[in-house]
S.K.: 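Please find one structure pasted underneath; my questions will follow.
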Amino acid sequence: MKYDRVYNFSAGPAMMPEPVLEEIAAEVLNYKGSGMSVMEMSHRSKVFQQIYDEAVADLRELMGIPENYKVFFVQGGGTLQFAMVPMNLLRDGVGCYVETGTWSSKAISEAKKYGEVKIVASSKDKNFSYIPDCSDLDIPDNADYVYICENETINGTTFKQLPNTKGKVLISDQSSMFLSKPCNVEDYGLIWAGVQKNVGPAGMAVVIIREDLIPEDMPAFAPIYMSYKIQAEKGSMYNTPNTWAIYCCGKVFKYLLANGGLEAMQAKNEAKAKIFYDFLDQSNLFSGNVNPADRSLMNCTFTTGSEEEDAAVVAATKAAGFDNLKGHRSVGGLRASIYNAMPQEGVEALVEFLKDYEAKK
Ligand SMILES: *Cc1c(COP(=O)(O)O)cnc(C)c1O
């Protein structure tokens with residue numbers, strides 16, 4: 001390979017498209033004749049404002065975000081949104097949560113600090129290995145919203161069908177599936193995503209929220225930074241935003257637009273996931289961790305069933321140029337994260353390697 005890079009199966013921060021990294025490298029000392037790097041530039045400058053405006057416009061085009069939705073970037077990664085959502089939207093009612101794994105569980109514990117929370121469905125009984133039936137949830141009349149983590153990065157499950165929210169607002173954590181396939185934004189009141197999984201550098205989240213849901217006021221204790229109203233009104237610039245992450249994400253948005261948009265990404269991602277799961281389904285050594293119907297397109301969790309053998313696989317794959325196949329420390333096993341930037345050849349090469357590994361057993 002040109003830069004001696006490995007196939008990086010990290011769940012996040014994760015691979016970025018090589019052509020994007022090349023562009024960033026070319027601009028790092030002097031961004032388009034400005035005489036400086038984007039890292040060194042005022043966020044109030046004209047040149048940065050243009051980077052910002054293009055990033056938002058390109059994201060709007062990619063996802064087909066309707067006019068009545070606000071788009072902004074917030075620091076604090078994914079985790080800050082666990083608090084920001086209830087601080088803004090859990091008021092006198094109930095926050096309904098679907099509990100499907102690590103990230104929805106974290107969102108639930110955080111929300112409980114700010115108001116009444118109801119778990120309306122859960123897959124905890126089977127180690128979060130499936131997505132519960134959400135077609136007829138018991139949602140109270142005074143529900144403020146229904147919250148899901150649409151793709152559970154650590155457990156490896158994804159919603160193939162959105163919950164029936166009985167007319168209540170749907171909020172989705174799309175961190176590890178953001179821009180992996182087309183999304184009908186109007187199905188949601190709020191979508192947020194930490195960008196370091198499928199888009200850019202860590203430390204920032206994108207928030208897409210329907211205008212009429214943005215509250216006028218906030219709890220008195222809430223830091224001003226946590227206000228969706230402030231973030232929306234100030235165009236992510238109440239204070240100094242994560243300019244570098246915004247710039248890198250903007251590059252990825254342009255790259256996706258130039259490469260067929262989200263339909264093309266979906267086709268590629270489905271093809272890659274099929275290669276991997278077809279391999280798992282015929283393997284005698286490896287098996288998948290989750291209900292096949294609920295498998296994630298992005299995070300493929302699997303195991304040999306033995307901790308020692310899994311560790312041996314991690315070591316052998318790493319030595320062969322396939323990095324970061326260790327499952328999350330909280331669940332163990334193995335995980336191949338195959339986001340947009342992972343080429344099909346990477347998945348094919350990994351499958352070949354694992355087949356060979358198995359054959360030599
Ligand atoms: C990684 C991740 C988060 C947390 O993101 P941080 O930026 O580390 O706070 C939240 N939700 C999902 C689905 C994730 O994959």
Side-chain angles (χ1 to χ4, degrees), residues 8-16 72-87 95 97-111 113 122-124 128-131 145-160 162-163 170-181 183 188 190-208 223 225-226 231 236 241-242 244-246 248-249 252 269 289-290 294-301 324 326-331 333 335-342:
N8 179 5
F9 291 89
S10 171
M15 271 183 95
M16 287 175 62
F72 46 88
F73 302 102
V74 188
Q75 301 184 55
T79 298
L80 199 77
Q81 292 311 306
F82 296 152
M84 210 157 164
V85 164
M87 271 191 196
Y97 282 75
V98 180
E99 184 187 41
T100 49
T102 310
W103 295 117
S104 45
S105 303
K106 288 197 170 176
I108 290 165
S109 350
E110 194 69 19
K113 296 181 188 169
S122 174
S123 53
K124 201 174 179 178
F128 300 123
S129 60
Y130 68 103
I131 296 290
Y145 56 77
V146 178
Y147 179 107
I148 59 170
C149 173
E150 207 167 329
N151 185 80
E152 284 279 5
T153 325
I154 290 174
N155 309 84
T157 55
T158 205
F159 281 78
K160 301 274 158 82
L162 293 177
L170 180 64
I171 298 181
S172 177
D173 170 2
Q174 287 197 347
S175 299
S176 48
M177 58 174 287
F178 194 58
L179 306 182
S180 65
K181 58 178 192 176
C183 169
Y188 306 82
L190 190 165
I191 296 168
W192 68 263
V195 298
Q196 77 272 29
K197 307 292 160 67
N198 206 15
V199 192
M204 192 176 80
V206 182
V207 175
I208 302 165
Y225 192 80
M226 306 292 273
Q231 296 294 354
S236 322
N242 187 340
W244 181 253
I246 292 169
C248 295
C249 289
V252 173
N269 289 328
N289 294 4
V290 304
D294 304 320
R295 282 169 169 171
S296 167
L297 273 189
M298 302 274 99
N299 311 101
C300 311
T301 52
N324 288 311
K326 195 168 187 288
H328 190 268
R329 56 192 146 64
S330 64
V331 296
R335 173 176 55 175
S337 294
I338 51 175
Y339 298 119
N340 286 349
M342 173 60 69

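Just so you know, ligand 1 is whichever comes first in the structure, and atom 1 is the first atom listed for that ligand.
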S.K.: Do S175 and Q81 have side-chain heavy atoms sitting under 4.5 Å apart?
M.R.: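 Contact flag for S175/Q81 side chains = no.
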S.K.: Taking side chain to side chain donor-acceptor pair (under 3.5 Å) as the test, write out the residues that go with E150, two or more places apart.
M.R.: S172, Q174, Y188
S.K.: Which residue holds the protein heavy atom closest to atom 11 (N) of ligand 1, what is that atom called, and what is the gap in Å?
M.R.: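 Minimum-distance protein heavy atom for atom 11 (N) of ligand 1 reads D173 OD2, 2.7 Å.
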S.K.: Can you sort out which atoms of ligand 1 are near G77, meaning under 4.0 Å from one of its heavy atoms?
M.R.: 7 (O)
S.K.: Which residue and atom name correspond to the protein heavy atom nearest atom 15 (O) of ligand 1, and how close is it?
M.R.: T153 OG1, 2.4 Å
S.K.: Quick check on ring-ring contact (aromatic ring centres under 6.0 Å, His included): which of F73, F82, Y147, F178 does W192 satisfy it with?
M.R.: F82
S.K.: Do any nitrogen or oxygen atoms of K197 lie less than 3.5 angstrom from nitrogen or oxygen atoms of ligand 1?
M.R.: yes
S.K.: Can you sort out which atoms of ligand 1 are near N151, meaning under 4.0 Å from one of its heavy atoms?
M.R.: 13 (C)
S.K.: Which option wins on minimum heavy-atom distance to atom 6 (P) of ligand 1: G78, S172, C149?
M.R.: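 Nearest option to atom 6 (P) of ligand 1, by heavy atoms: G78.
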S.K.: Under a 4.0 Å heavy-atom limit, does T79 contact ligand 1 with its side chain, its backbone, both, or neither?
M.R.: both
S.K.: Quick one: does ligand 1 sit under 4.0 Å from the side chain of K106, the backbone, both or neither, non-hydrogen atoms only?
M.R.: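 For K106, no heavy atom sits under 4.0 Å from ligand 1.
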S.K.: For the side-chain hydrogen bond (donor to acceptor under 3.5 Å, both in side chains) test, which of T158, N151, T157 pairs with S296?
M.R.: N151
